[in-house]
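Working notes, structure below.
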Number of protein chains: 2
Amino acid sequence: MILNRLTKLRKSNNWSLQETADLLGIAKSTYAGYESGHRRPSLEAIKLMADLFQTSTDYILGRVEDPKFQPAFEKTAIELADCLFVDLSVDGSTLSQEEIEYVIAFIRAKRELGQRKEQGKNSVGESSYLNEKTN
Amino acid sequence: MILNRLTKLRKSNNWSLQETADLLGIAKSTYAGYESGHRRPSLEAIKLMADLFQTSTDYILGRVEDPKFQPAFEKTAIELADCLFVDLSVDGSTLSQEEIEYVIAFIRAKRELGQRKEQGKNSVGESSYLNEKTN
DNA sequence: GATTTTTATACGCGAATCGCGTACTATGGA
DNA sequence: TCCATAGTACGCGATTCGCGTATAAAAATC
């Protein structure tokens, strides 16, 4: 069982622990225990969560990587806050959930400051300093 | 959890209860309890059986009908610097190439500062203290 | 047919742990 | 400041899990 996945699934729906627990019909502390690793869900709880999060028990238990039964790149645009299908990485190491949240906040702040670049456009200008790290 | 499925899976391999229990590394009476319904498997046991019988936990738990239905196993790790083929977005608007470069620089700077502020929060695996300075 | 081996089922008990209530801290808004 | 919400952690009662063991049926061996 992979702890981060539950948290990620819950946050992708913008649910609090209390909300999620209510939807599952269990106590908040119980569900919180699942996410923190203090408690492990029963078989029923696993199934309920798979239903609620619209994924599979195999994904929650860590047997498969893909939460959905569809290709990861079906969509061309991946919303960062909702990026369950892929792991993003920088310099080879995967971004943690917290880092992703920082990035989102960073982007928002940057846009807030009036740095409004064209949004739908892609200027494919390769930058040189990005490739300084070689594997 | 659907009782008959375990028995069918076991017999399709022509295994006895003892054989199956040995393969799973549990007591015969324990596994027999799963089939008879007297006992319910733990999360580990469910995963072990899914592996052994080459099916999914969802099938054993009765969430899907097809025992051979496995989700796509495409490991999707996107290196941000190389993700020209997919669009990332925040709040619905696509990140420009320049923004992505800023994000990469942001992440690198953040990691450079040493991310020891968080402890035991996200542990990918069992050891949470081991990977603070790996490569 | 009798004896031994294998298979399947069920019971009882000690140990493990599940789920809940509760308390605590941190954060943000009125 | 006060209050509400979010997240975390602890203790306890009750559930039940996993094992050994016993029993019965079936199969195999002689």
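Just the heavy atoms: all of them, side chains too, but no hydrogens, waters or symmetry mates, feed the values below. Computed from a predicted model, the values in this text were never measured in an experiment. In what follows, chains carry the letters A, B, and so on, assigned in the order in which the sequence lines appear, proteins first and then strands, with residues in each chain numbered from 1.
Using a 4.0 Å cut-off between charged side-chain N and carboxylate O, A/D51 and B/R63 make a salt bridge. Ionic pairing of B/E35 and B/K11 is not present here: no N-O contact between side-chain nitrogen and carboxylate oxygen is shorter than 4.0 angstrom. Look at A/D22 and A/K28 and you find no salt bridge, because none of the NZ, NE, NH1 or NH2 atoms lies under 4.0 Å from a carboxylate O.
Here the shortest heavy-atom pairing between B/R5 and B/G62 reads NH1-CA, 3.6 Å. In terms of heavy-atom proximity, B/Y34 sits nearest to B/A45 at OH-CB, 3.8 Å. Heavy atoms only, all atoms of each residue included: A/S56 and A/A50 are closest at C-CB, 3.9 Å.
Axis angle across the helix from C/dG1-D/dC30 to C/dA30-D/dT1, with five pairs used at each end and values rounded to 10°: 30°.
A heavy atom lying under 4.0 Å from DNA chain C marks the following residues of residues 27-38 of chain B, by number: B/K28, B/S29, B/A32, B/S36, B/H38.
The backbone N or O of A/D58 sits less than 3.5 Å from a side-chain atom of B/T57, completing a donor-acceptor pair. A donor-acceptor pair under 3.5 Å is absent between the side-chain atoms of A/T30 and the main chain of A/I26, judged by distance alone.
Rounded to a whole Å, the CD atom of B/Q18 is 10 Å from the P atom of D/dG20. For the pair B/R39 CZ and D/dG18 C1', the computed distance is 7 Å after rounding to whole Å.
Distance check, rounded to the nearest 0.5 Å: CD1 of B/I60 to OG1 of B/T55 gives 6.0 Å.
Place A/S42 and B/L17 on DNA chain C by their nearest nucleotides, and B/L17 ends up nearer the 5' end.
Counting only heavy atoms from C-beta outward, the side chains of A/Y31 and A/R10 approach each other to under 4.5 Å.
Protein chain A contacts DNA chain C over a range whose 5' and 3' limits, counting nucleotides with an atom under 4.0 angstrom from a non-hydrogen atom, are C/dC18 to C/dT22.
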